[in-house]
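Before any comments, here is the structure.
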Amino acid sequence: MSAYLRIFDDFLSLFYPRLCLSCSRNLPYKQDSICVHCQYYFPKTNYHLEKENDFTERFWGRLPLESGTALYHFSKGGRIQQLIHKLKYEHKPEIALKLGRTYGKVLLQSPVFQGIELILPVPLHPRKEKKRGFNQSAYFAKGLSESMQRPWNGRLLLKVEDTGSQTRKTRLERFQNVENTFEVRQADKVAGKRILLVDDVLTTGATLEACALTLLKIPNVKISMATIAITSNV
């Protein structure tokens, strides 16, 4: 039966080609969204194997972070930058979902990320989410949730002020721009939880820091973080 399905899949691809969202080549049978070739050559960080790494270092002295990791290194003009651009600006949320499912399987085996009880995405302001059509961090959280078999919720942590783009701001300006712009709804569902806070890219960490500090106001919360990518030191 599988041979017939493969023939049927090959026939359909003549009219509705299934292309890799990274390299735009035809996807082989049973491969989904991003081809195995691209996934193999993406620059992985392997930070999930280390309690302290370049990710956690960015938050030293700023907040009590349990653990932190990113799936890939982000470099200007590189494969991951192109992939993130497609995700955010070409309406390809399935990229974040796929990467979440992939990374969730990895984190599930990591001794550093045991005990996670709840996954929360960094929220977008409702106006920005409506304009974009989706929150890429929420899709990443959903993918992680499916693989890690831990619940996620995109409506507990909210962004209540529209602060605009962070792109051209310094680290201090970024933090000042997002400070006190997040709040938690139904704090009882967060209290006492080991939370995995997730976003698409770690640059200065200002947005993740602001979210984490908001969550840490709730009793007995512990924060870990994961992102799709991390930029070089800034």
Side-chain angles (χ1 to χ4, degrees), residues 13 16-49 53-55 58 68-107 119 121-125 128-147 154 163-171 174 178 196-208 225-234:
S13 68
Y16 305 101
R18 296 167 57 253
L19 303 178
C20 171
L21 294 171
S22 174
C23 65
S24 298
R25 296 172 181 159
N26 285 323
L27 279 169
Y29 179 64
K30 284 192 175 181
Q31 290 187 27
D32 176 43
S33 303
I34 303 171
C35 70
V36 171
H37 180 271
C38 282
Q39 291 184 65
Y40 180 81
Y41 284 102
F42 284 161
K44 298 179 181 66
T45 70
N46 289 321
Y47 289 162
H48 62 281
L49 300 175
N53 51 55
D54 287 346
F55 188 111
R58 297 197 189 180
T69 189
L71 177 54
Y72 300 124
H73 290 288
F74 180 107
S75 58
K76 190 172 183 180
R79 292 171 181 253
I80 300 305
Q81 183 185 35
Q82 295 169 19
L83 195 66
I84 296 294
H85 187 277
K86 286 184 178 181
L87 163 62
K88 295 172 69 171
Y89 304 114
E90 297 183 19
H91 205 279
K92 301 290 186 182
E94 61 269 31
I95 291 174
L97 185 63
K98 167 69 174 180
L99 296 179
R101 288 169 176 164
T102 298
Y103 207 26
K105 294 176 183 177
V106 174
L107 297 185
I119 302 172
V122 167
L124 296 177
H125 187 272
K128 186 171 185 179
E129 185 169 348
K130 183 178 180 180
K131 181 179 179 181
R132 181 168 292 170
F134 65 97
N135 177 2
Q136 66 278 3
S137 299
Y139 274 84
F140 185 50
K142 184 175 186 294
L144 287 166
S145 172
E146 291 178 10
S147 292
T163 53
S165 173
Q166 297 271 76
T167 304
R168 299 183 183 278
K169 293 180 172 63
T170 65
R171 188 191 72 79
R174 286 181 183 222
V178 295
L196 182 62
L197 181 64
V198 304
D199 203 2
D200 54 355
V201 180
L202 172 64
T203 305
T204 63
T207 301
L208 280 164
M225 296 178 182
T227 61
I228 294 173
I230 180 173
T231 64
S232 301
N233 286 327
V234 291

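On a predicted model such as this, the values are computed, not experimentally measured, just so you know.
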Could you check Val198, Asp200, Ile119, Leu97 and say which one makes a side chain to side chain contact (heavy atoms under 4.5 Å, CB included) with Phe140?
Val198
So which atom in Gly100 and which in Ser147 form the shortest heavy-atom distance, rounded to 0.1 Å?
O-OG, 4.3 Å
Using every non-hydrogen atom in the two residues, find where Arg132 and Tyr89 come nearest and quote the distance to one decimal.
NH2-CE2, 3.9 Å
If you define the side chain from C-beta out and look only at heavy atoms, does anything of Leu19 sit under 4.5 Å from Leu27?
no
Output the distance between atom NZ (Lys86) and atom NZ (Lys92), rounded to the nearest 0.5 Å.
8.0 Å
For the pair Tyr47 and Phe55, evaluate ring pair (Phe, Tyr, Trp, His ring centres under 6.0 Å) and give the outcome as yes or no after the intermediate values.
CA-CA 8 Å; Tyr47 289 162; Phe55 188 111; 7.2 Å; no
Against Val201, only a single residue in Thr231, Thr227, Ile228 fulfils side chain to side chain contact (heavy atoms under 4.5 Å, CB included); can you say which?
Thr231
Between Lys44 (side chain) and Gln39 (backbone), is there a donor-acceptor pair under 3.5 Å?
yes
Please table the atom pairs, donor to acceptor, closer than 3.5 Å between any side-chain atom in residues 74-84 and protein atoms at least two apart or in another chain.
unit_1, atom_1, unit_2, atom_2, d
Gln81, OE1, Gly77, N, 2.4
Gln82, NE2, Gly77, O, 3.2

Can any side-chain N or O of Ser145 pair as donor or acceptor with the backbone N or O of Ala141 at less than 3.5 Å?
no
Could you tell me which non-hydrogen atom of Pro123 sits nearest to which non-hydrogen atom of Asn135, and how far apart they are?
CA-ND2, 3.7 Å
dist Lys88:NZ -> Ile95:CD1 (nearest 0.5 Å) comes out at 12.0 Å
Determine whether a donor-acceptor pair (N or O, by modelled atom type, separation under 3.5 Å) exists between the side chain of Asn53 and the backbone of Gly68.
yes
My understanding is that only residues two or more places apart in sequence, or in another chain, count here; which of them pass ring-ring contact (aromatic ring centres under 6.0 Å, His included) with His125?
none
Rounded to the nearest 0.5 Å, what separates atom CE in Met225 from atom CG in Leu208?
5.0 Å
Within-4.5 Å side-chain heavy-atom neighbours: Ile34 and Leu99
yes
Could you tell me which non-hydrogen atom of Leu144 sits nearest to which non-hydrogen atom of Leu196, and how far apart they are?
CD1-CD2, 4.3 Å
Determine whether Leu71 and Val106 satisfy the following criterion, side-chain contact (heavy atoms from CB on, under 4.5 Å), listing intermediate values before the conclusion.
CA-CA 9 Å; Leu71 177 54; Val106 174; 5.8 Å; no
Using modelled atom types and a 3.5 Å cut-off, is there a donor and acceptor pairing between side-chain atoms of Ser137 and backbone atoms of Pro121?
no
Using side chain to side chain donor-acceptor pair (under 3.5 Å) as the criterion, list what pairs up with Tyr139, not counting sequence neighbours.
none
